[in-house]
2 protein chains.
Amino acid sequence: MPAQTWLTALQENGYRLTASRRAVVETVAATHRALTPLEVFDLARESHPELGLVTVYRTLEKLEELHLIQRVHQPHGCQAFISASQGHQHLLLCRKCGQVIFFDGDNLDGLFERVIQDSGYTIQEHWLQLFGLCPACQTTP
Amino acid sequence: MPAQTWLTALQENGYRLTASRRAVVETVAATHRALTPLEVFDLARESHPELGLVTVYRTLEKLEELHLIQRVHQPHGCQAFISASQGHQHLLLCRKCGQVIFFDGDNLDGLFERVIQDSGYTIQEHWLQLFGLCPACQTTP
DNA sequence: ATTTTTATTGAAAATCTTTTTCATTGTAAA
DNA sequence: TTTACAATGAAAAAGATTTTCAATAAAAAT
Ligand SMILES: [Mn+2]
Ligand SMILES: [Mn+2]
Ligand SMILES: [Zn+2]
Ligand SMILES: [Zn+2]
């Protein structure tokens, strides 16, 4: 997703366009793995050294609110964000390099039906996440 | 899962049996929703007021290490624990009261096969979690 | 262009959570 | 019992996130 799209979205929602926001947005938009606020801070400061960590937190908050990024849950921590997919999708994460790709087309309706029958629950939402090794990391052990 | 089973497991793994551990274990074993360390602390202190929060953290750590409890990830936080299921299972969580039940028997192999083909990733592990409303919470809006 | 308005910024302080330290206590083995 | 040392909880430290606030900069108004 191009950084410019996010900047436009921010502007259309009444937020101002600043150099600091630009630096955060460009960093997250260009990275294909989940980044913690501190990682965003370090990366974004390479191009914009005056950036403050507080602004990273505040910008990520707005991007998440606009559904432009989403939080990634992992065994070792859940404070990381990645560019959001459009629509409902699921994550496949490389355990070695962190590379994330999205996939769709899960057909879980049969399973849901059985669980609903057995439990009496209604089901409103689901999380499905796969962990493995990306092609590059399979060849370099 | 009975608290006594956990206490025995702790003892068999070289840990001592203390009143503080007992209080933590009994609290978590008796609760059917995920509890944060602070919630465990507050609940366990009702029966054992001398308990320290540090001991809650330390005991939860050991219970997790022995796979007697497992961490529960939710949109609003991921620092909560619940009695673990035996074997590989998935969670179904009530969004209103937090009640958790386990289910098994997902058949995701077809999906995995397709994702492996499309992405080139190998798949080692998966997380599947459902959110909805338990029977009790469906009737009390 | 210039001025005005007000959202945004980053440093510092505050808050909240988790971990470490350490002298004391309690458990289990000898 | 006595002994060895694991475990405890208070306090301090460390880490992460949020709040405060005066200065600044973006957008609107002139
Ligand atoms: Mn999580
Ligand atoms: Mn499964
Ligand atoms: Zn990889
Ligand atoms: Zn419920």
Side-chain angles (χ1 to χ4, degrees), chain A residues 4 6-28 34-66 68-69 71-81, chain B residues 4 6-28 34-66 68-69 71-81:
Chain A
Q4 187 51 53
W6 296 8
L7 294 169
T8 306
L10 284 169
Q11 209 165 27
E12 281 171 351
N13 284 80
Y15 297 118
R16 293 181 179 178
L17 237 60
T18 68
S20 297
R21 278 181 184 160
R22 229 178 268 273
V24 171
V25 160
E26 276 163 10
T27 298
V28 179
L35 297 175
T36 63
L38 198 60
E39 286 172 328
V40 173
F41 178 65
D42 288 337
L43 285 168
R45 267 158 67 101
E46 290 176 8
S47 69
H48 185 66
E50 319 81 66
L51 178 64
L53 180 56
V54 191
T55 298
V56 174
Y57 276 98
R58 290 191 278 225
T59 304
L60 291 175
E61 191 175 64
K62 286 171 179 59
L63 293 174
E64 189 182 24
E65 169 198 321
L66 298 177
L68 298 171
I69 62 175
R71 186 179 299 265
V72 175
H73 298 258
Q74 290 182 265
H76 301 301
C78 306
Q79 299 294 280
F81 296 88
Chain B
Q4 188 52 52
W6 296 8
L7 294 169
T8 305
L10 283 169
Q11 209 163 28
E12 282 171 352
N13 284 82
Y15 296 117
R16 293 183 178 176
L17 237 59
T18 68
S20 297
R21 279 183 183 158
R22 228 178 270 274
V24 170
V25 160
E26 276 163 9
T27 298
V28 179
L35 296 175
T36 64
L38 199 60
E39 286 172 329
V40 173
F41 179 65
D42 289 336
L43 285 168
R45 266 159 66 102
E46 289 174 9
S47 68
H48 185 67
E50 318 82 65
L51 177 64
L53 180 56
V54 191
T55 298
V56 174
Y57 276 98
R58 290 192 278 226
T59 304
L60 292 176
E61 192 174 61
K62 286 172 181 58
L63 293 175
E64 189 182 23
E65 169 198 321
L66 297 177
L68 298 171
I69 62 174
R71 185 180 299 266
V72 175
H73 297 258
Q74 289 182 265
H76 300 301
C78 305
Q79 298 296 289
F81 296 88

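Protein chains get the first letters and strands the later ones, always in sequence-line order, with residue 1 at the start of each.
Nucleotide D:dA6 holds its P atom 15 Å from the CG atom of B:N13, rounded to whole Å. In this structure, CZ of A:F41 is placed 13 Å from C1' of D:dA16, rounded to the nearest angstrom. The NZ-C1' distance, from A:K62 to C:dT9, rounds to 11 Å in whole Å. Protein atom CG of A:L51 is 9 Å distant from nucleotide atom P of C:dA11, rounded to whole Å. Whole-Å rounding puts the B:E50 CD to D:dA7 P distance at 19 Å. The CG atom of A:L60 sits 14 Å away from the C1' atom of D:dA16 (whole-angstrom rounding). Following rounding to the nearest Å, B:Y15 (OH) and D:dT8 (C1') show an atom-to-atom distance of 16 Å.
Scanning all heavy atoms of the two residues, the minimum distance from A:A44 to A:A23 falls at CB-O, 3.8 Å. In plain terms, the two heavy atoms of A:L51 and A:S20 that are nearest each other are CD1-CB, 3.8 Å. Residue A:A34 comes nearest to A:Q74 through the heavy atom pair CB-OE1, 4.5 Å, listed as atom of the first residue, atom of the second, then distance.
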*Show your reasoning for whether side-chain contact (heavy atoms from CB on, under 4.5 Å) applies to B:V25 and B:L68.*
CA-CA 10 Å; B:V25 160; B:L68 298 171; over 6 Å; no

*Check step by step if side-chain contact (heavy atoms from CB on, under 4.5 Å) holds for A:F81 and A:V40.*
CA-CA 9 Å; A:F81 296 88; A:V40 173; over 6 Å; no

*asked:* Between B:W6 and B:L66, does the side-chain contact (heavy atoms from CB on, under 4.5 Å) criterion hold? Intermediate values first, please.
replied: CA-CA 9 Å; B:W6 296 8; B:L66 297 177; over 6 Å; no

*Assign a letter to each nucleotide of nucleotides 12-25 of chain C from its 5' end: B, base within under 4.0 Å of a protein heavy atom; S, sugar-phosphate only; -, no contact.*
B----SSBBB----

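A:Q79 contributes atom CD, which lies 12.0 Å from atom CG of A:L38 (distance to the nearest 0.5 angstrom).
With hydrogens and angles ignored, the 3.5 Å screen pairs no side-chain donor or acceptor of B:R22 with any backbone N or O of B:L17.
Remark: B:E39 pairs with B:R33, B:L35, B:T36 by the side-chain contact (heavy atoms from CB on, under 4.5 Å) rule, at least two apart or across chains. Taking A:E26 as the reference, nothing meets the salt bridge (charged side-chain N to carboxylate O under 4.0 Å, His left out) condition, with sequence neighbours excluded.
Residue A:S20 places at least one side-chain N or O closer than 4.0 Å to OP1 or OP2 of C:dG10.
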Got a list of side-chain donor-acceptor pairs under 3.5 Å for residues 56-65 of chain A, not counting sequence neighbours?
residue	atom	partner	partner atom	Å
A:T59	OG1	A:T55	O	2.8
A:E65	OE2	A:Y15	OH	3.0

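For the helix from C:dA1-D:dT30 to C:dA30-D:dT1, the angle separating the two terminal helix axes comes to 40°, with each axis derived from five pairs and the value rounded to 10°.
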Below 3.5 Å between N/O atoms, which protein atoms pair up with nucleotides 22-26 of chain D? Just atom names and distances, please.
residue	atom	partner	partner atom	Å
D:dA26	N3	A:R16	NH1	3.0

